Amino acid sequence: MSRKERELRREFLESREYHTPSSGIFFKVKRLLYRQKSAYQEIEVIENEYFGKVLLLDGLVQTTERDEFFYHEILVHPGFMVHPNPQRILIIGGGDGGVLREALRYPVEGVVLVEIDPQMIEVSKRYFPWLSPALEDGRAELVIADGKNFIKGTDKTFDIVFIDSSDPVGPSAVLHDKDFYEIVKKRLNFEGIVVAQVGSPFFNLDSIVERGGFLKEIFRIVRFYVGTVPTYPGGSWCYVFLSNEIEPFSVRRRVPEGLKYFNLDVCEAAFALPNFIKTRLE
Ligand code: SAM
């Protein structure tokens, strides 16, 4: 076998995500289950011995069967713990369905999931077992649209908005700028909350600090928090809790049964930032 063929086989046998030009994460590919370019991105699903099914968009890990709960639980539950009466929920992005599943654990009136890529929905239904049951819940409403266009065009308002975007590249780039957050704020009910994933506190701290700067011009309360996600760059991830009336510390309701990551101690600890982050964000 030639060197080129060996390289090709290696590439095929391994899925690599580079976090810097000289480091990253790789998965030995037990099976390539899906690889296609949609109108928006390259969607891949591989099977790995340890992590199970792994979803990649444009080569970037989005979620894995084994560790998806780390991200979905810490993104969703802090907001639900403190909102006085969370009834109308919006999820922008989130095509793998994990955030939808977590939001539906609460007695909400309705959850609108706005996903730009219909192919993502089909892939998630096929390979990630938690999506279909969530979409079949009568309270879930799936909208196939660009999240920024949706939020601009809707007259609906929401109690909690989750921004479960992919990385700030490609179709997701519009979900990370000041203009987008200003529009989101206009769609919030009184005591409304926005929670967004904002990247790696190790690799993306500068962009998190920049985002914090404009968010403080839009929201009175801007609270960053962190949580571990084993397969994300650096192994920890940063989120931001935004509101004008509600702080993320006055817990009002019980934690749902059956969670694997989130509890009230984890929730409180998440907002305790390590010095290298805290000193940059104050
Ligand atoms: N980090 C998440 C996790 O661990 O589950 C995954 C993020 S989720 C896969 C990101 C979703 O946002 C994708 O389904 C992608 O198609 C969608 N998306 C990207 N840009 C979008 C946009 N402008 N409007 C709505 N959805 C968008």
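Source: prediction; values computed, not measured. First listed ligand is number 1; within each ligand, the first listed atom is number 1.
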Between [X] and ligand 1, which residue portion shows a heavy-atom distance shorter than 4.0 Å: side chain, backbone, both, or neither?
{"X": "Gln41", "value": "side chain"}
{"X": "Phe180", "value": "neither"}
{"X": "Gln197", "value": "neither"}
{"X": "Met120", "value": "side chain"}
{"X": "Val174", "value": "side chain"}

Donor on one side chain, acceptor on other, [X] and [Y], under 3.5 Å:
{"X": "Gln41", "Y": "Asp117", "value": "yes"}
{"X": "Asn204", "Y": "Ser207", "value": "no"}
{"X": "Asn85", "Y": "Gln87", "value": "yes"}
{"X": "His72", "Y": "Asp164", "value": "no"}
{"X": "Ser166", "Y": "Gln62", "value": "no"}
{"X": "Tyr34", "Y": "Gln119", "value": "yes"}
{"X": "Asn189", "Y": "Thr157", "value": "yes"}

Numbering the atoms of ligand 1 from 1, which are under 4.0 Å from a heavy atom of [X]?
{"X": "Ala145", "value": "24 (N), 25 (C)"}
{"X": "Asp96", "value": "5 (O), 6 (C), 8 (S), 9 (C)"}
{"X": "Asp146", "value": "22 (C), 23 (N), 24 (N)"}
{"X": "His72", "value": "3 (C), 5 (O)"}
{"X": "Gly95", "value": "11 (C), 14 (O)"}
{"X": "Tyr232", "value": "1 (N), 2 (C), 3 (C), 4 (O)"}
{"X": "Val114", "value": "25 (C), 26 (N)"}
{"X": "Ser165", "value": "7 (C), 10 (C)"}

Do any N/O atoms on [X] end up under 3.5 angstrom from N/O atoms on ligand 1?
{"X": "Leu175", "answer": "no"}
{"X": "Lys148", "answer": "no"}
{"X": "Ile92", "answer": "no"}

Nearest-neighbour protein heavy atom for [atom], which is reported as residue plus atom name and distance:
{"atom": "atom 24 (N) of ligand 1", "result": "Gly147 N, 2.8 Å"}
{"atom": "atom 19 (C) of ligand 1", "result": "Ser166 OG, 3.5 Å"}
{"atom": "atom 6 (C) of ligand 1", "result": "Gln62 OE1, 3.5 Å"}
{"atom": "atom 12 (O) of ligand 1", "result": "Gly93 CA, 3.3 Å"}
{"atom": "atom 14 (O) of ligand 1", "result": "Glu115 OE1, 2.6 Å"}
{"atom": "atom 27 (C) of ligand 1", "result": "Ile116 CG2, 3.5 Å"}

Notebook entry, point to check: Would you call Glu42-Lys37 a salt bridge at under 4.0 Å N-O?
Noted result: no
Next item on the list: Please confirm whether the backbone N or O of Tyr71 pairs with a side-chain atom of Tyr232, one donor and one acceptor, at under 3.5 Å?
Entry: no
Next item on the list: Measure from the side-chain N and O atoms of Arg223 to the backbone N and O of Glu247, and report whether any donor-acceptor pair falls under 3.5 Å.
Entry: no
Item checked: Name of the residue among Tyr239, Tyr106, Phe69 meeting ring-ring contact (aromatic ring centres under 6.0 Å, His included) with His77 -> Tyr106
Check: Should Leu60 and Phe203 be counted in the same cluster of Ile, Leu, Val, Met, Phe, Trp and Tyr side chains packed under 4.5 Å apart?
Finding: no
Note to self: Ring centres under 6.0 Å, that's the criterion: do Phe214 and His176 meet it?
What the structure shows: no
Note to self: I want to know whether Phe241 and Tyr225 have ring centres closer than 6.0 Å.
What the structure shows: no
Check: Which of the listed options, Thr231, Asp164, Leu57, holds the heavy atom that is closest to atom 2 (C) of ligand 1?
Finding: Asp164
